[in-house]
Protein chains: 2
Amino acid sequence: MTRVAVVLSGCGVFDGAEIHESVLTLLRLAEKGIDYQCLAPNIDQLHVINHLTGEISEGERRNVLVEAARIARGEIIDLARATADDYDAVILPGGFGAAKNLSDFALKGAACSVNPELKRFVTALHAAGKPVGLICIAPALTPLLIGQGARCTIGNEEGVAQAIEAMGGQHQNCAVEDIVVDRQNKLVTTPAYMLAGSIVEAAQGINKLVDAVVEMI
Amino acid sequence: MTRVAVVLSGCGVFDGAEIHESVLTLLRLAEKGIDYQCLAPNIDQLHVINHLTGEISEGERRNVLVEAARIARGEIIDLARATADDYDAVILPGGFGAAKNLSDFALKGAACSVNPELKRFVTALHAAGKPVGLICIAPALTPLLIGQGARCTIGNEEGVAQAIEAMGGQHQNCAVEDIVVDRQNKLVTTPAYMLAGSIVEAAQGINKLVDAVVEMI
């Protein structure tokens, strides 16, 4: 049976995985009859943001795997225990967790690095010719996860697009309801909440992304 | 413009609002072009559950409104500030938060009481002839929120069904993909994750519930 890995980065748009994007990804996979497994790194979050006020919750610590388990209803495994052989594709929803926990892109921009377990896992899938889907801000990691010259989108945010180009990626502007497909790299990306004004807009691009990823398996 | 209130009880199935059910509710409302507003009480959660291990996280405290803000992407208001006049209907997703934070049903069963702000808000909507939708375990609050004799479902869990009857409600068994509609009370209920084995099954019932609630506005 086809099985897709969904890598989460916490639980909440400002310090973890964007919840709508994560659930929309799982929903579309399930609608297509595709089995999925949620995974997350067993590391502390960069910080905790109070999502009511937008402020940092000083002194509070949360673990990415433990918080991501909320989205996965407890059905989640440590990314460090995951083997690329067990999966046919991988999708990363967005949210600041992709730029704060899965990488330090939010702090360092083009000088960022990615979580070593994420790099190991996604690199192995990509090397095996399996498709990769990156949503929202997660495509900022394209040059580090997929390699130089890979083509992606985060919508049209100039600063992020320039950082992607500076790291050796190719950025292509894209509307919220659309996707960018780099067929050579089997990479699919969509802006989602980088541009979306509603959950319906986010769903349009995410549904297309999931469909394109599954079609390339 | 039609506006539906969605009352959340935290963020996570074991100690707050069930995330999939919450997002599926927002998605269906948005797909139908219905404006929604998330609300939650500004109170501490009963406790915090580590969703990876299922154990209580001793000594940790989280606020229902602050955690629910994660699902709402920050766009949420304190239930105590909400006026029934501003809304055309109300929907409560499930998750243990409905039985632990919005009420003490998880602790006291048929002897439970509901959060006073929730009671004030839902009672006023119901008294104004506006429809109410309750998902998953939230229909256990039917007798206290809607009144004696109101008909609802939580699926087929015998203990919960008996408690609802003991409180003066009428419980009707229901399949996961279906809803129970009490037209006289303008009340719609569905089992969702009380029975669902997948997010697709939960979505089937929730989509029908949202459609039925909106149709009765």
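Note that this is a predicted model, so its numbers are computed, not measured.
- Ranking Ile76(A), Leu29(A), Asn50(A), Ile49(A) against chain B, the residue ahead of the rest is Asn50(A), based on heavy-atom pairs under 4.5 Å.
- When all heavy atoms of Val23(B) and Ile199(A) are compared, the pair lying nearest together is CG1-CD1, 3.7 Å.
- The neighbour count for Tyr193(B) OH, taken as heavy atoms of other residues, nucleotides or ligands under 6.0 Å away, is above 12.
- Taking CZ of Arg61(A) as the start and CD of Glu60(B) as the end, the distance is 11.5 Å to the nearest 0.5 Å.
- Counting non-hydrogen atoms of other residues, nucleotides and ligands closer than 6.0 Å to CD of Glu75(A) gives a total of 12 or fewer.
- Proximity to chain A is limited to the side chain of Glu67(B), based on heavy atoms less than 4.5 angstrom apart.
- Across all their heavy atoms, Arg73(B) and Phe14(A) have their closest contact at O-CZ, 4.1 Å.
- Of the two parts of Arg62(A), only the side chain, counted from C-beta on, holds a non-hydrogen atom closer than 4.5 Å to a non-hydrogen atom of chain B.
- Counting non-hydrogen atoms of other residues, nucleotides and ligands closer than 6.0 Å to OH of Tyr87(B) gives a total above 12.
- Formation of a donor-acceptor pair under 3.5 Å by the His51(B) side chain with backbone atoms of Ala72(A) is not found in this model.
- In terms of heavy-atom pairs under 4.5 angstrom with chain A, the leader among Leu65(B), Val200(B), Leu27(B) is Leu27(B).
- At a 4.5 Å heavy-atom cutoff, the contact between Ala203(B) and chain A is made by side-chain atoms alone.
- At distances below 3.5 Å, at least one donor-acceptor pair connects side-chain atoms of Arg70(A) with backbone N or O atoms of Cys11(B).
- Using a 4.5 Å cut-off between heavy atoms, Asp15(A) contacts chain B through its side chain alone, with no backbone atom that close.
- Contact annotation for Leu24(A): only side-chain heavy atoms (C-beta onward) come within less than 4.5 Å of a heavy atom of chain B.
- Separation of atoms CG (Leu26(A)) and OG (Ser198(B)) is listed at 11.0 Å; rounding is to 0.5 Å.
- Using a 4.5 Å cut-off between heavy atoms, Glu18(A) contacts chain B through its side chain alone, with no backbone atom that close.
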